[in-house]
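This report concerns only the one structure given below.
Sequence positions, counted from 1, serve as the residue numbers for this chain.
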Amino acid sequence: ANVLASAGSLQLRWRLLPLLRFPNGFVTFRRPPMQAWKEQRNDSAVPLMIVHLMTSGLPDLPTKRHVLRELGVWHPLPPEEKSSPASQKEMWLGYGSPASEASLYRQRASLRSALMLAQTLGRSLVLPHFWCGGSRPCSMSVLFDYAAFASVFPDHRESCFITQLPPAEPFHISIGARSPNGQRSTMPLNVTAVFTTGSRGATDVQLRDWLRPWHKSRLLWHALTR
């Protein structure tokens, strides 16, 4: 430790705190340490409690809860829904895209399409892991204004909520006569169904008709591929 001040026999020493145990705001909200805790495979390195201090009032409360849920240190369900029978019957739509789709405009387009599809099917949306800086996963709040998003689209949950749901029924909507990989048999997921549409897309009626056989499945998964 370095000596900060000295007076007689009294010395005030200082040293840098361990980053994983005392992360600052940038690390917590831009480079979450949860993965580093897991990689250490040492329970003593994982904190029993997280205290989040702030001075400027930012981030806002919805964003803070969102990030803490994605870190795995906040319950994925709001308190009022933990024991609600209605929440056990809610129907969900999830989606995911590979790191190769990490450009902001593609992630924004995928989110917009998923929101439209969820609204068309009358389902709530499970957010995916977003991508920052190429192949690094991050929360939605790094790329978008989460509080503004949540105020307009309240029917959603963080990606960690997927663990609370039964296995998904994956499907894919292909623009054109062939799948994005050129052959239907090489789809990267065990896709339940592949639907083909023209360059103008599909109508709401078509989308609902295509997915009607799985309307009782609690989780439909839109497999986004290129």
Side-chain angles (χ1 to χ4, degrees), residues 19-20 23-39 58-60 62-74 76 92-119 123-150 152-153 155-163 165 168-176 178-184 186-191 194-195 197 199 201-202 219-226:
L19 186 60
L20 292 183
N24 57 27
F26 175 81
V27 171
T28 301
F29 289 96
R30 294 296 183 265
R31 297 179 180 175
M34 182 58 72
Q35 186 59 38
W37 293 333
K38 292 179 181 178
E39 291 173 354
L58 296 175
D60 51 82
T63 301
K64 189 188 302 183
R65 282 196 294 258
H66 166 72
V67 173
L68 292 178
R69 284 192 180 111
E70 292 288 41
L71 283 173
V73 294
W74 195 277
W92 299 89
L93 173 74
Y95 77 98
S97 57
S100 59
E101 301 294 297
S103 61
L104 181 60
Y105 84 92
R106 283 185 172 175
Q107 293 189 78
R108 182 178 58 193
S110 297
L111 176 61
R112 183 176 58 211
S113 297
L115 287 168
M116 178 277 297
L117 189 57
Q119 185 175 18
R123 290 173 173 263
S124 298
L125 182 66
V126 180
L127 294 173
H129 288 295
F130 289 86
W131 299 101
C132 301
S135 60
R136 181 169 57 86
C138 62
S139 71
M140 180 188 192
S141 61
V142 178
L143 302 177
F144 305 102
D145 185 338
Y146 174 78
F149 168 83
V152 179
F153 302 102
D155 296 330
H156 73 275
R157 289 291 178 270
E158 286 75 16
S159 60
C160 61
F161 181 70
I162 205 78
T163 61
L165 296 172
E169 292 283 0
F171 69 95
H172 176 72
I173 299 175
S174 178
I175 305 298
R178 299 168 68 86
S179 71
N181 288 334
Q183 297 179 2
R184 294 178 188 273
T186 59
M187 293 296 290
L189 294 174
N190 184 22
V191 178
V194 177
F195 307 103
T197 181
S199 59
L219 176 61
L220 292 178
W221 185 268
H222 187 196
L224 297 174
T225 60
R226 295 285 179 182

Problem - Flag side-chain contact, heavy atom, 4.5 Å: P137 against W131 - result: yes
Nearest 0.5 angstrom please: [X] [atom1] to [Y] [atom2], how far?
| X | Y | atom1 | atom2 | answer |
| --- | --- | --- | --- | --- |
| R157 | R69 | CZ | CZ | 7.0 Å |
| H129 | E70 | NE2 | CD | 6.5 Å |
| L127 | I162 | CG | CD1 | 10.5 Å |
| L220 | L117 | CG | CG | 8.5 Å |

For a quick test of reading the model, state the closest non-hydrogen atom pair linking [X] to [Y] and the distance between them.
| X | Y | answer |
| --- | --- | --- |
| Q107 | A102 | NE2-O, 2.7 Å |
| Y95 | P128 | O-CB, 3.3 Å |
| A168 | P170 | O-CD, 3.4 Å |

Practice task
Would you please name every residue forming a disulfide (SG to SG under 2.5 Å) with C132, sequence neighbours left out?
Solution key: C138
Problem - F153 and L125: CA distance, side-chain angles, deciding distance, side chain to side chain contact (heavy atoms under 4.5 Å, CB included) verdict - result: CA-CA 9 Å; F153 302 102; L125 182 66; over 6 Å; no
Practice task
Assign the ring pair H172 / H222 to parallel, tilted or perpendicular, where the plane angle (0 to 90°) is split at 30° and 60°.
Solution key: tilted
Problem - Residues V142, V67; criterion side chain to side chain contact (heavy atoms under 4.5 Å, CB included); working and verdict - result: CA-CA 9 Å; V142 178; V67 173; over 6 Å; no
Completion exercise
By side chain to side chain donor-acceptor pair (under 3.5 Å), E169 pairs with (sequence neighbours left out) T192
Handout entry: From CA spacing to verdict: side chain to side chain contact (heavy atoms under 4.5 Å, CB included), H66, S139
Key = CA-CA 8 Å; H66 166 72; S139 71; 3.8 Å; yes
Handout entry: Counterpart residues, ring-ring contact (aromatic ring centres under 6.0 Å, His included), relative to H156 (two or more places apart)
Key = Y146, F149
Quick one: list whatever passes side-chain contact (heavy atoms from CB on, under 4.5 Å) with [X], sequence neighbours left out.
| X | result |
| --- | --- |
| D145 | A147, A148 |
| S103 | Y105, R106 |
| L165 | W92, V126, F161, R218, L219 |

Handout entry: Side-chain donor or acceptor of S113 paired with backbone N/O of S110 under 3.5 Å
Key = no
Problem - Residues F144, L104; criterion side chain to side chain contact (heavy atoms under 4.5 Å, CB included); working and verdict - result: CA-CA 10 Å; F144 305 102; L104 181 60; 3.8 Å; yes
